[in-house]
Student: 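Here you go, one structure.
FYI, side chains are in, hydrogens and waters are out, and symmetry mates aren't considered; it's all heavy atoms of this structure.
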Amino acid sequence: MTLRSLLALCTIILGAGTAWAVDAIAVEIVPVEERPLTFDIKLTGTIAAQDSIDLSFPAGGRITSILVQAGDSVRGGYALARSDDVQQQQALVQALAGVEAAQAAEQQAAQAAARTAELLERGVGTRAAADAAEQALAAARGQLESARTSLRQARRAVLDAVIRAPQAAVVTARWAEPGQVVGAAQPILRLAALTRLEAVFQVPDTPQLDGAADARISLVPLDRPGAELTARVTEIAPLVDPATGSVTVRAAVDGPFDASLLGAAVQGTLHMPAGTGIEVPWSALSASGPSPAVWRVAPDGTVALAPVEIERFATGRVVLRSGVSPGDSVVGEGSHLMFPGRRVVPGKGS
């Protein structure tokens, strides 16, 4: 190759390099802003009803039938279980007879009191007899009221032999079977009211929980990877559970009641407030020797390497402690193509 040919080749290469340095490239330009930051904590828990109730028979006895299974939806007033009510029916018959007898006695006492009062007015009766008749009438009326109270109790006992749903709900647990003898107030069924769902988590006791009150939680049911729910922390147990060594955290799930989610395992991400700071996408991160850096965009569209100090890493983001200020712009996607002085224009999602 002659000297003239070599000089021509160098001119072509230098000319191409100059054009490469001058031509602007489209990259993602990210404005630097100070914004509220969150600290994410991963949790695993279950979905439960925020309002639930355990149902039982007020009096012990033998269960004759249970009409529902776990998972059934029931309306308010629906019969759920029945117990043997032979004794209650017998007590009701006795109470009805007692009321009839007390009514007859009260009528007789009233007639006697009326006769003695009439005789006293005619002057052929005594005050003592009239007073005695009034006392007998008062006693008869007391007996009648007592008999009516016993009748109300007997009727209540017959009704209590049937467990009914207090409102529209879903049966979440069944602890007994027909033929089983149960004690008074022994739980038979558990109902979940169709009001609101909540996520229940057992988490380690950490200082970060102090700021978790009212924090947001993103939820993903493990058996429905595509479903996404949101919740807000409503309760943090003040004491550590001695059995598990963990703290119970409850969060109310946003949205309508979905009975199919009851008992579902969920993975939650607790978004806890962490003050304010500067976040940039991870794609903006570069290096200046051994130190991290970003490509800062000047007003004229050229870039320069700016060393930064990293506060911490987040999912898809990097939190910076120093190196850039609000109002600056940095290169996001495309930062690997940068060199000092290169011109850039907004592109790739800017």
Student: Are Ile47 and Pro221 side-chain neighbours, meaning at least one heavy-atom pair lies under 4.5 Å?
Tutor: no
Student: Would the number of heavy atoms belonging to other residues, nucleotides or ligands and lying under 6.0 Å from CD of Gln87 be above 12?
Tutor: no
Student: Is a salt bridge present between Arg155 and Asp160, judged by a nitrogen-to-oxygen distance below 4.0 Å?
Tutor: no
Student: I'd like to check the salt bridge (charged side-chain N to carboxylate O under 4.0 Å, His left out) partners of Arg232; sequence neighbours left out, ordered by chain and number.
Tutor: Asp214
Student: Just how far is it from atom CD of Glu311 to atom CZ of Arg321, taken to the nearest 0.5 Å?
Tutor: 4.5 Å
Student: Is the shortest heavy-atom distance from the side chain of Leu261 to the side chain of Leu229 under 4.5 Å?
Tutor: yes
Student: Apart from Ile66 itself, which Ile, Leu, Val, Met, Phe, Trp or Tyr residues share its cluster (side-chain heavy atoms under 4.5 Å, direct or through members)?
Tutor: Ile53, Leu55, Phe57, Ile63, Val68, Val74, Tyr78, Leu80, Ile163, Val171, Val182, Ile188, Leu189, Leu191
Student: Between Trp175 and Asp54, is there a side-chain heavy-atom distance shorter than 4.5 Å?
Tutor: yes
Student: Any sub-3.5 Å donor-acceptor pair from Ser150's side-chain atoms to Ala95's backbone N or O?
Tutor: no
Student: I would like to know whether Val158 and Gln89 meet side chain to side chain contact (heavy atoms under 4.5 Å, CB included); could you show each step before the answer?
Tutor: CA-CA 6 Å; Val158 172; Gln89 292 289 352; 3.5 Å; yes
Student: Salt bridge check, Arg127 against Glu134: does any charged N sit closer than 4.0 Å to a carboxylate O?
Tutor: no
Student: Hey, does Leu194 have a side-chain heavy atom less than 4.5 Å from the side chain of Gln167?
Tutor: no
Student: Does Gly323 offer a backbone N or O that forms a donor-acceptor pair with the side chain of Arg296 under 3.5 Å?
Tutor: yes
Student: Once side-chain hydrogen bond (donor to acceptor under 3.5 Å, both in side chains) is applied, what residue pairs with a partner in residues 255-264 remain, sequence neighbours excluded?
Tutor: Arg224-Ser260, Asp258-Ser260
Student: When you compare the side chain of Trp295 with that of Leu305, does any pair of heavy atoms fall below 4.5 Å?
Tutor: yes
Student: Spell out, yes or no, whether Val170 and Val200 are grouped together once hydrophobic residues are joined by side-chain heavy atoms under 4.5 Å, including indirect joins.
Tutor: no
Student: Please step through side chain to side chain contact (heavy atoms under 4.5 Å, CB included) for the pair Val324 and Val294, ending with a clear verdict.
Tutor: CA-CA 9 Å; Val324 291; Val294 296; 3.8 Å; yes
Student: Roughly how far apart are Ile41 CD1 and His271 NE2, rounded to 0.5 Å?
Tutor: 11.0 Å
Student: Between the side chains of Ser283 and Glu333, is a donor N or O closer than 3.5 angstrom to an acceptor N or O?
Tutor: no
Student: Atom OG1 in Thr302, atom CZ in Arg342: separation rounded to 0.5 Å?
Tutor: 12.5 Å
Student: Hey, are the side chains of Val32 and Ser325 touching, using non-hydrogen atoms and a 4.5 Å cut-off?
Tutor: no
Student: Apply side chain to side chain contact (heavy atoms under 4.5 Å, CB included) to the pair Thr248 and Phe201, showing each step before the final yes or no.
Tutor: CA-CA 6 Å; Thr248 301; Phe201 304 97; over 6 Å; no
Student: State, yes or no, whether a side-chain contact exists between Arg317 and Pro281 at a heavy-atom distance under 4.5 Å.
Tutor: yes
Student: Can you tell me if Ser288 uses its side chain to pair, donor with acceptor, with the backbone of Ser291 under 3.5 Å?
Tutor: no
Student: Output the distance between atom CD (Glu118) and atom CZ (Arg115), rounded to the nearest 0.5 Å.
Tutor: 10.0 Å
Student: When you check the gap from the basic side-chain N to the acidic O, do Asp254 and Arg216 get nearer than 4.0 Å?
Tutor: yes
Student: Decide yes or no on side chain to side chain contact (heavy atoms under 4.5 Å, CB included) for Glu106 and Leu137, but give the supporting numbers first.
Tutor: CA-CA 6 Å; Glu106 191 267 344; Leu137 177 59; 4.2 Å; yes
